[in-house]
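Here is the structure we will look at.
Each chain gets a letter, A, B and so on, in the order the sequences are listed, and its residues count up from 1.
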Amino acid sequence: MDSRQIRNKFLEFFESKGHKIVPSAPLVLKNDPTLLFTNSGMVQFKDNFLGNATPKYKRVADTQKCLRVSGKHNDLEDVGLDTYHHTMFEMLGNWSFGDYFKKDAIAWAWELLTDVYKLPKERLYVTVFGGDKKDNLPVDEEAIQLWKQHVHADRILHGVKKDNFWEMGESGPCGPCSEIHIDLRTDEEIKKKPGKELVNNDHPQVVEIWNLVFIQFNRLASGALEPLPDKHVDTGMGFERLCMAIQGKTSNYDTDVFRPLMDFIALHADHYAYGSDTKKDIAVRVMADHIRAVAFAIADGQLPSNTGAGYVIRRILRRAVRYGFSYLNIKEPFMHRLVPLLALQLKEVFPELHQQLEYVGKVVHEEEKSFLRTLDDGIFSFNQNFLRVVRKNLIRYFNERKIVFQQSNGQETFPDFFLPDHRVELELNSRFDEFEIRKNFKVVDDVKIKCLSVNPFLFLKEEFFADEDVKFVFPSQLQFEKEIDGHTAFVLYDTHGFPIDLTQLMAREIGFTVDMSSFNQHLEEQKLRSKADAAKETGDWITVAEGEKPEFIGYDSFTSTSKILRYRKVKQKNKELFQLVLDKTPFYAESGGQVGDTGRLQIGSEQIDVIDTKKENDLIVHWVEKLPTNLEGPVTATIDIAKRKLSMSNHSATHLLHAALRHVLGKHVEQKGSLVNDKILRFDFSHFAAMTAEEIAKVEALVNEKIRENIQLDEQRNVPIEKAKSLGAMALFGEKYGDFVRVITFDPKYSVELCGGTHVPFTGSIGMLKVISESSVAAGVRRIEAVTAAGAQEYFNQSLALLLEVKSLLKNPKDVATSLQNLLEEKHLLEKKLETMNAERAHQIKDQLAGKAQKTNGITVINQQVTVPSAESLKNIAYALRNQFDDLVMVLAANIDGKPNVTVMLGEKVEAMKKFHAGNMVKELAKEIDGGGGGQPFYATAGGKNLGGLERVIEKAKGMISAN
RNA sequence: GGGGGAUUAGCUCAGCUGGCUAGAGCGCUUCCAUGGCAUGGAAGAGGUCAUCGGUUCGAAUCCGAUAUUCUCCA
């Protein structure tokens with residue numbers, strides 16, 4: 001049976017048992033603050049368990065794309081190392097929402113596995129919940145009795161809470177579960193050790209294949225359990241493992257789910273056969289697994305990025321690239337070539353990938369390129385660090401032996417190919433191949449070597465090649481610690497994104513080790529730092545009034561009289577906030593790119609500001625800073641109408657823009673993201689090149705034309721999804737739609753979209769749209785930002801006002817740009833001129849001062865009051881005089897723009913005599929001008945407040961100089 | 001959302017705890033040498049040290065904010 005048949009049999013089986021087969025929900029979640037990705041089959045039914053929604057069907061089955069990158073049984077870093085963990089996997093599941101319970105769930109599971117899939121009964125084990133004292137829960141006797149009708153009692157094992165009590169999270173629906181395990185070992189092995197001892201023991205061939213969860217409790221934040229009114233069944237069977245069991249393989253990766261991908265990788269990347277090299281095999285598995293996760297996440301609308309879910313995707317892709325880079329020697333983007341193969345393989349089950357093949361491939365390709373660049377930077381940085389160590393030790397070595405290098409003109413030097421700043425050379429030598437230095441050096445002293453080329457890496461092999469005819473063998477006496485310290489490794493990791501195991505690998509290649517304990521310590525510190533403020537506590541919902549799921553009435557009105565259904569406390573960054581749920585509300589919750597409404601609640605005479613409105617699955621949650629004192633009373637809820645109207649204008653404009661882009665650029669334009677608030681609209685869409693100015697102008701013109709046509713909004717609610725699609729409505733990938741949708745139409749021939757947002761009644765009220773920027777977000781994705789209505793007006797007014805101001809400042813020239821350019825050039829010239837003039841002036845002052853110099857006791861003394869244009873020129877004067885007299889002792893009491901300054905400068909010889917110390921002198925002299933200062937032994941400055949003290953400075957200096 | 005780094009000449013980067021008048025390589029300009037070169041030599045141009053503010057006698061260097069960008073964590 002191939003994997004396709006296995007999947008179909010599952011769905012057919014449950015269809016025959018009265019289940020509705022539903023499509024997989026997107027991998028990426030939008031309205032769930034507790035989860036980044038769909039990590040199990042039940043996620044899309046969460047609201048059914050929580051009681052926030054009434055289930056549409058009582059019996060449902062599907063295969064669900066899931067992504068797990070962290071958790072108790074799976075860590076991204078483990079995937080590929082073993083043969084049974086995955087990032088993305090399919091979970092087959094059947095559900096009962098308040099319908100059948102343990103009896104049917106158990107019977108059908110057994111029937112499917114043994115009758116349909118014909119798995120050997122003697123290899124199957126089942127586990128049941130064995131009770132838990134802390135929760136005061138008994139053994140699940142009911143399940144045991146039911147299982148006994150199918151399997152012998154000694155194959156029914158008791159499990160602990162960790163394995164056999166399933167919980168969604170810290171709180172929420174939960175219940176005991178029953179797992180089915182299979183023993184896939186050989187007969188000999190089974191004889192040696194019975195399978196029941198290996199169940200739930202992380203044995204790669206004694207694995208859980210199906211988990212039947214019986215949801216019957218709700219766990220409160222306090223930890224207590226309360227029974228649920230409706231009992232549910234939630235089952236999950238790992239598709240890849242099931243295939244392994246049915247196809248008689250010992251690894252998930254050996255099934256036809258992965259093998260085609262892996263053979264392709266092995267062949268094209270490294271021309272080797274999978275299975276012949278343990279390390280390479282790991283890399284191949286990692287790549288085959290990760291491309292699935294990455295490709296489907298992108299197809300579901302999640303671009304790799306540096307935050308949130310996007311960052312997880314980026315990390316997964318990078319891990320795959322890194323493995324290919326290190327073990328399969330793949331230095332060019334490769335992963336993107338797997339996308340077509342994968343898309344074809346899963347075309348029937350998950351058509352979303354195949355439909356966006358080109359787009360996903362491009363995104364992956366671009367992301368690979370950027371990571372390879374980062375790797376390159378990291379390698380460069382690594383080499384620099386390494387060369388620093390080498391250089392330091394080489395200098396020490398040469399110094400100890402008094403070996404001196406000379407350039408051909410006789411000047412002493414140190415060969416700069418040892419300096420770690422030769423990027424060009426290092427690029428040629430991107431790893432450790434030999435490279436040439438085009439410079440001649442002679443080593444003089446007792447050894448004379450003319451050095452033409454050198455490879456600093458070879459020295460580690462204790463050889464040092466110089467010219468062809470002279471060989472300098474690097475002595476083994478040169479030894480130093482061959483360890484990369486933890487800080488360096490951490491900086492590589494944290495700042496350059498350089499994976500630690502790659503650092504270790506590279507270190508090993510040159511005979512170094514990495515101080516891992518120090519590295520880990522740095523890592524821990526960083527984690528603590530960034531975790532410190534992210535803490536958040538959420539309390540239990542407290543019910544005020546019973547009521548149906550909250551109703552959104554904001555499409556039709558901006559205000560309502562409501563009552564509070566429930567509330568809870570949320571602690572975030574030491575700030576206490578409250579969340580309120582109303583029975584009906586005009587507040588639009590953030591969704592579809594449109595931000596949540598703000599506004600106010602009026603309860604009696606009390607007013608409470610609503611700072612944000614968010615969705616939690618289907619719940620509309622109002623965020624407020626304090627609770628009303630009267631929770632039961634009627635609440636008048638009113639949104640901030642001005643803000644909402646601007647958002648509406650921007651949202652409708654987004655639809656017009658979307659349609660215009662498809663007209664101007666082509667049908668490949670798909671929405672990839674959008675943000676709509678009261679200030680701006682931002683629209684991301686798939687398109688493979690930057691838009692030209694003409695294209696932008698065309699799009700703008702078309703949108704504005706549609707605005708002027710003043711098209712009436714046609715809003716239809718509760719349209720069956722199939723009908724909506726037949727109307728040509730644009731549906732988005734990665735968006736989960738119900739059976740009934742809302743359709744927003746501005747002219748059926750122009751723009752028809754599925755949308756839950758709020759819109760203007762006539763396009764005319766948008767007023768005007770102005771694109772203010774067009775940029776790139778990722779490969780194949782462009783971003784347009786635009787303003788409308790009052791925002792557009794303000795934008796124009798501001799731009800125009802600025803231009804007018806600039807123009808008038810320039811005395812209204814014909815061509816502002818040229819005029820400004822000329823002005824800048826002129827300014828630059830004048831600056832240069834001023835600089836030279838200052839230099840000339842300084843030169844004159846210098847000459848004057850030099851003329852007044854007095855030779856006494858073998859030193860040249862200059863002790864004068866001067867007036868100079870700037871501190872800079874004073875410095876120049878001082879240095880010029882130092883260059884002129886090596887026996888100089890100079891004190892200048894200067895007036896710089898009305899500020900007193902004392903400068904002391906000594907000549908080279910005087911400095912060497914150490915009789916004078918400029919720094920000490922200036923400190924003493926500065927007292928006369930009520931100031932302070934310092935500097936170096938030969939040059940020091942001081943500033944002060946008392947201009948009148950300059951004369952006394954000269955007097956004091958006279959005394960200081962003659963005293964020596 | 002939070003943490004860390006980076007921003008210095010056209011390019012790639014040095015510049016350690018503030019003070020030896022902002023440096024290197026490549027590139028560019030001019031000149032000299034060579035039959036030729038990824039040649040050798042000499043001279044030279046090119047910098048608001050991202051922006052704004054602060055501390056200081058003195059800031060590329062320290063502090064704060066902003067912008068751009070890389071990166072790590074949740």
Side-chain angles (χ1 to χ4, degrees), chain A residues 33-36 69-70 305-309 311-312 314-315 318 370-371 373-378 380-381 384 387-388 391-392 407-409 413-414 416-417 419-428 436-440 487 490-500 522-536 572-573 775 824 827-828 831-832 835 839 842 871-883 894 896 899-906 908 911 918-919 922-923 925-927 929-945:
Chain A
T34 63
L35 222 47
L36 287 176
V69 285
S70 60
S305 76
N306 62 347
T307 52
Y311 184 64
V312 176
R314 172 169 284 174
R315 248 170 55 204
R318 289 184 167 194
S370 91
F371 182 52
R373 255 197 310 275
T374 315
L375 278 185
D376 224 43
D377 285 347
F380 174 65
S381 193
Q384 277 206 344
L387 284 174
R388 246 185 259 273
R391 179 170 185 263
K392 209 173 79 192
Q407 279 181 325
S408 53
N409 61 9
T413 185
F414 187 77
D416 58 5
F417 43 78
L419 297 173
D421 56 359
H422 282 243
R423 181 150 190 135
V424 179
E425 269 79 13
L426 284 168
E427 269 178 358
L428 287 174
E436 286 217 351
I437 303 290
R438 296 182 295 277
K439 221 164 195 182
N440 287 324
H487 179 73
F490 178 73
V491 169
L492 271 170
Y493 167 81
D494 187 58
T495 305
H496 295 101
F498 211 59
I500 185 62
H522 280 94
L523 197 67
E524 208 42 51
E525 282 167 19
Q526 203 255 21
K527 276 189 186 169
L528 285 178
R529 263 201 309 272
S530 65
K531 241 181 221 169
D533 332 81
K536 183 182 159 183
Q572 222 168 357
K573 283 194 192 174
S775 58
L824 285 172
K827 173 184 163 279
H828 192 236
E831 273 172 0
K832 288 275 155 201
E835 209 174 289
E872 185 66 26
S873 49
L874 182 59
K875 194 176 188 180
N876 285 333
I877 293 165
Y879 272 99
L881 286 166
R882 172 177 158 92
N883 289 339
I896 307 171
K899 273 187 171 172
N901 171 286
V902 178
T903 297
V904 178
M905 177 63 95
L906 305 179
E908 243 177 286
E911 185 196 350
V922 93
K923 265 176 206 154
L925 295 170
K927 288 176 186 166
I929 53 168
D930 298 343
Q936 303 141 81
F938 71 94
Y939 171 68
T941 57
K945 285 174 239 155

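- Distance noted for atom P between B:rG5 and B:rU61: 16 Å (whole Å).
- In the set B:rC20, B:rC72, B:rC57, the nucleotide with an atom closest to the side chain of A:Asn901 is B:rC57.
- Separation of the P atoms belonging to B:rA6 and B:rG18 is 16 Å when rounded to the nearest angstrom.
- Of the C1' atoms belonging to B:rA14 and B:rA60, the separation is 12 Å, rounded to the nearest Å.
- At the heavy-atom level, A:Gly931 lies nowhere under 4.0 Å from the strands shown.
- For A:His522 and B:rG5, the NE2 to P distance is 12 Å, given to the nearest whole Å.
- Checking B:rC72, B:rA74, B:rU21 against every side-chain atom of A:Asn883, the shortest atom distance belongs to B:rU21.
- Within 4.0 Å (heavy atoms only), A:Tyr939 reaches no atom of the nucleic acid at all.
- The OH-P distance, from A:Tyr493 to B:rC70, rounds to 18 Å in whole Å.
- Along RNA chain B, the nucleotide nearest to A:Gly932 and the one nearest to A:Ala309 differ in position, and the one closer to the 5' end is contacted by A:Gly932.
- Of the side-chain N and O atoms in A:Arg315, none sit less than 4.0 angstrom from OP1 or OP2 of B:rU71.
- The distance from the CG atom of A:Asn901 to the OG1 atom of A:Thr941 is 6.0 Å, given to the nearest 0.5 Å.
- Residues satisfying the side-chain contact (heavy atoms from CB on, under 4.5 Å) criterion with A:Ala309, sequence neighbours excluded, are A:Leu36, A:Phe37, A:Gln302.
- Nucleic acid contact class of A:Arg314 (heavy atoms, under 4.0 Å, all strands): sugar-phosphate only.
- With sequence neighbours excluded, no residue satisfies salt bridge (charged side-chain N to carboxylate O under 4.0 Å, His left out) with A:Arg315.
- Remark: A:Ala940 pairs with A:Ala918, A:Val922 by the side-chain contact (heavy atoms from CB on, under 4.5 Å) rule, at least two apart or across chains.
- Here the separation of B:rG19 from B:rC11, taken at their P atoms, is 27 Å to the nearest Å.
- Between A:Leu881 atom CG and A:Leu906 atom CG the span is 12.5 Å, to the nearest 0.5 Å.
- Spacing of C1' atoms, B:rG25 relative to B:rC70, comes out at 24 Å, to the nearest Å.
- The base of B:rG3 sits within donor-acceptor range of the side chain of A:Asp494, with an N or O pair under 3.5 Å.
- Here the C1' atom of nucleotide B:rC70 and the CZ atom of A:Phe371 are 13 Å apart, to the nearest Å.
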Pair pattern of RNA chain B in dot-bracket, where unpaired bases get dots and | marks partners in another strand, Watson-Crick or G-U under 3.5 angstrom: (((((((..((((.....[...)))).((((((.....)))))).....(((((..]....)))))))))))).
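- Annotation: ring pair (Phe, Tyr, Trp, His ring centres under 6.0 Å) contacts of A:Phe490 (sequence neighbours excluded): A:His522.
- Nearest to the side-chain atoms of A:Gln936 among the listed nucleotides B:rC20, B:rC73, B:rU71 stands B:rC20.
- In this structure, A:Tyr311 reaches the bases: a heavy-atom distance under 4.0 Å links it to at least one base atom across the strands shown.
- Looking at residues two or more places apart in sequence or on another chain, you find a ring pair (Phe, Tyr, Trp, His ring centres under 6.0 Å) between A:Tyr879 and A:Tyr939.
- Residues A:Gly943 and A:Ile929 approach most closely at C-CD1, 3.9 Å, considering heavy atoms.
- Using a 4.0 Å heavy-atom criterion, one finds that A:Asp930 contacts no nucleic acid atom at all.
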